[in-house]
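The structure appears below as structure tokens.
Heavy-atom basis, side chains included; hydrogens, waters and symmetry copies ignored. Predicted model, so just to flag it, every value in this text is computed and none were measured.
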Amino acid sequence: MRAVISLPGDAFQRSEARVKTSFIVLEQRPATGSADDAPAIFMYPCRYVGIDDPKRRRWMPGDDALRQQATAEVASVVGEYLRFLGGRGDKAYIVPTDRVVDRLDVKHCLIDRDWRETGPLDPLSHFVEPKVFEGEDLIDCPSHEAPVQLFTVNYDGTATPERVILPRTDTEYAERYRVRAGELVLSNIAATYGSVAVVPPELAGLVVSKEYTVLRAKPGYDAKVIWSILRSPEIRADFLLRTTGANRTRVRWSDISVIPFPYPDAETAVTFLRHMEEAEAARTRAMAAAATAGLTETLSLDREDATVILDAFKPPR
């Protein structure tokens, strides 16, 4: 094997293919050669190839830039590969054969990240622990008669209530799990997109399936701080490197629990939480203003003559 070139997941979106694809370059080994003589392998993770060829026909802003990025990336791959064959390859794209044992994917073999410059960090399991479901928080679906409402985590890190079901008849899962306020809920399938949420008080008691991991912050650590860090590019990249499956990447607690995790000092954490409270208050005001504007427009309560009266006859402040 001489090369593995990984294409983006949406490289063949125009043909509606949803299969993660890689190019593999094979070269016949001399009959006298042995497995120990196998040369290093060129690996390259493409980011833009195919992204510039969307299924839609209508041009969108940014399409030209994507086309230029894809074209430049193809040239970069070819150039790097030729340099590799000539013995002048960039070490960032060269993988020794001893790293290619049971897997050939670029994600597993090539990427060896060390972004942490602040010294040793504790693993994620130092800050959170999986919730143990028991009592009324553990729902045995075949015997559960009462309706329950589903809990969903969105890509933007928020949570929403979903449909109400009867566990005994409306689910394929043997168990469902009830979440409580302040717990962290992580989508096993979409965590790499940022689908992690803190359960708000108004959604406490809703239920999730085994497709979610529910975590509790350990004493001394704040769930919202952990939530923000879990959704950072660095941690999501670590998640992605530890996922299983080619198309529906899935994280497992046993894998992500060992991720080195940075937690801020007390002053930084307090500042973050204050900013979060301010942001949530601003969001609430913005939503209220938008709702009021919508109602005003629907009921025609913003006519021009009313504005004239307010401007012309309002008393001094």
Could you please spell out the steps behind the side chain to side chain contact (heavy atoms under 4.5 Å, CB included) verdict for Val148 and Arg178? CA-CA 9 Å; Val148 296; Arg178 206 177 296 276; 4.2 Å; yes

Please check: side-chain N/O of Glu183 versus main-chain N/O of Val198, any donor-acceptor pairing under 3.5 Å? no

Minimum heavy-atom separation for Ala181 and Ala204, please, with both atom names. N-CB, 3.7 Å

Are Ser187 and Tyr193 linked by a side-chain donor-acceptor pair shorter than 3.5 Å? no

Just by distance, do the side chain of Thr268 and the backbone of Pro264 share a donor-acceptor pair under 3.5 Å? no

For the pair Phe133 and Tyr177, name the ring-plane relationship: parallel under 30°, tilted 30 to 60°, perpendicular over 60°. tilted

So, Trp227 side chain and Gly157 main chain: donor-acceptor pair closer than 3.5 Å or not? yes

Atom pair CG (Asn188) and CZ (Arg250), whose distance is rounded to the nearest 0.5 Å: 7.0 Å

Might you confirm whether atom CD of Glu278 has over 12 heavy atoms from other residues, nucleotides or ligands at distances under 6.0 Å? yes

Rounded distance (nearest 0.5 Å) linking atom OG1 of Thr21 with atom CD1 of Ile5: 13.0 Å

Establish whether Ile256 and Val225 are linked, either directly or via other cluster members, by ILVMFWY side-chain heavy-atom contacts under 4.5 Å. yes

Between Leu273 and Phe261, is there a shared hydrophobic cluster once you connect ILVMFWY residues whose side-chain heavy atoms come closer than 4.5 Å? yes

Go through Lys210 and Glu175 one step at a time and tell me if the side chain to side chain contact (heavy atoms under 4.5 Å, CB included) criterion holds. CA-CA 8 Å; Lys210 65 180 181 180; Glu175 295 178 338; over 6 Å; no

Distance check, rounded to the nearest 0.5 Å: Glu277 atom CD versus His275 atom NE2? 10.5 Å

What's the verdict on salt bridge (Lys or Arg N to Asp or Glu O under 4.0 Å) for Arg83 and Asp90, showing C-alpha distance, side-chain angles and the deciding distance? CA-CA 8 Å; Arg83 282 188 284 275; Asp90 188 333; over 6 Å; no

Separation between CD1 of Ile41 and CZ of Phe84, rounded to the nearest 0.5 Å: 8.0 Å

Return the minimal non-hydrogen interatomic distance between Ser195 and Val153, and the atom names on each side. C-CG1, 3.4 Å

Val4 to Ser22 - nearest heavy-atom pair and separation: CG1-CB, 4.1 Å

Within a 6.0 Å radius of atom CZ on Phe23, are there more than 12 heavy atoms belonging to other residues, nucleotides or ligands? no

Answer with yes or no whether the hydrophobic clustering places Phe42 together with Val25; edges join I, L, V, M, F, W, Y residues whose side-chain heavy atoms lie under 4.5 Å apart. yes

Check: Ser257 and Leu124 side chains under 4.5 Å, non-hydrogen atoms: no

Using a 4.5 Å cut-off on heavy atoms from C-beta on, say whether the side chain of Val49 contacts that of Val74. yes

Given side chains that start at C-beta, do those of Leu150 and Leu206 come closer than 4.5 Å, heavy atoms only? no

Working to the nearest 0.5 angstrom, can you tell me the gap between Ile259 CD1 and Ile229 CD1? 12.5 Å

Can you confirm whether more than 12 heavy atoms, excluding those of Lys224, are under 6.0 Å from its NZ atom? no

Kindly determine whether Tyr48 and Thr71 satisfy side-chain hydrogen bond (donor to acceptor under 3.5 Å, both in side chains), including the steps that lead there. CA-CA 9 Å; Tyr48 305 109; Thr71 301; over 6 Å; no

Please examine the side chains of Ile24 and Arg2, heavy atoms only from C-beta on, and report whether any two atoms are closer than 4.5 Å. no

Inspect the surroundings of CZ in Arg303 and state if more than 12 heavy atoms from other residues, nucleotides or ligands are less than 6.0 Å away. no

Test Thr97 against Met1 for side chain to side chain contact (heavy atoms under 4.5 Å, CB included), laying out the working first. CA-CA 9 Å; Thr97 53; Met1 178 181 298; over 6 Å; no

How long is the span from the OG1 atom in Thr307 to the CG atom in Asp305, to the nearest 0.5 Å? 8.0 Å

Got a donor-acceptor contact below 3.5 angstrom from the Lys131 side chain to the Thr213 backbone? no

Between Ser6 and Cys46, is there a side-chain heavy-atom distance shorter than 4.5 Å? no

Quick one, Leu184 and Val214 - any side-chain contact, counting heavy atoms below 4.5 Å? no

Hey, is CD on Glu172 packed in by over 12 heavy atoms from elsewhere, all under 6.0 Å? yes

Could you go through the side chain to side chain contact (heavy atoms under 4.5 Å, CB included) check for Leu186 and Tyr212 one step at a time? CA-CA 6 Å; Leu186 180 149; Tyr212 290 90; over 6 Å; no

What one should report as the nearest heavy-atom pair of Ala146 and Leu166 is C-CD2, 4.2 Å

Between the main-chain N or O of Glu162 and the side-chain N or O of Gln149, is there a donor-acceptor pair closer than 3.5 Å? yes

Heavy-atom donor-acceptor pair, Thr284 side chain to Glu280 backbone, under 3.5 Å: yes

Using a 6.0 Å cut-off, check whether atom CD of Glu202 has over 12 heavy atoms from anything other than its own residue. yes

pair Phe151-Val207: side-chain heavy atoms closer than 4.5 Å: no

With a 3.5 Å distance limit and no angle check, can you tell me whether Thr292 reaches the backbone of Ala288 through a side-chain donor-acceptor pair? yes

Given 3.5 Å as the limit, does a donor-acceptor pair link the side chain of Arg168 with the main chain of His144, or not? no

Check whether Val258 and Leu121 end up in the same hydrophobic cluster, where Ile, Leu, Val, Met, Phe, Trp and Tyr are linked by side-chain heavy atoms less than 4.5 Å apart. no

Ring-plane angle category for Phe127 and Tyr263, please: parallel below 30°, perpendicular beyond 60°, tilted otherwise. parallel

Side-chain contact test, heavy atoms from C-beta onward, threshold under 4.5 Å: evaluate it for Phe239 versus Asp255 and give yes or no. no

Under a 4.5 Å side-chain heavy-atom rule over Ile, Leu, Val, Met, Phe, Trp and Tyr, are Ile189 and Tyr173 clustered together? no

Where do Ala223 and Ala217 come nearest, in terms of heavy atoms and distance? N-CB, 4.0 Å

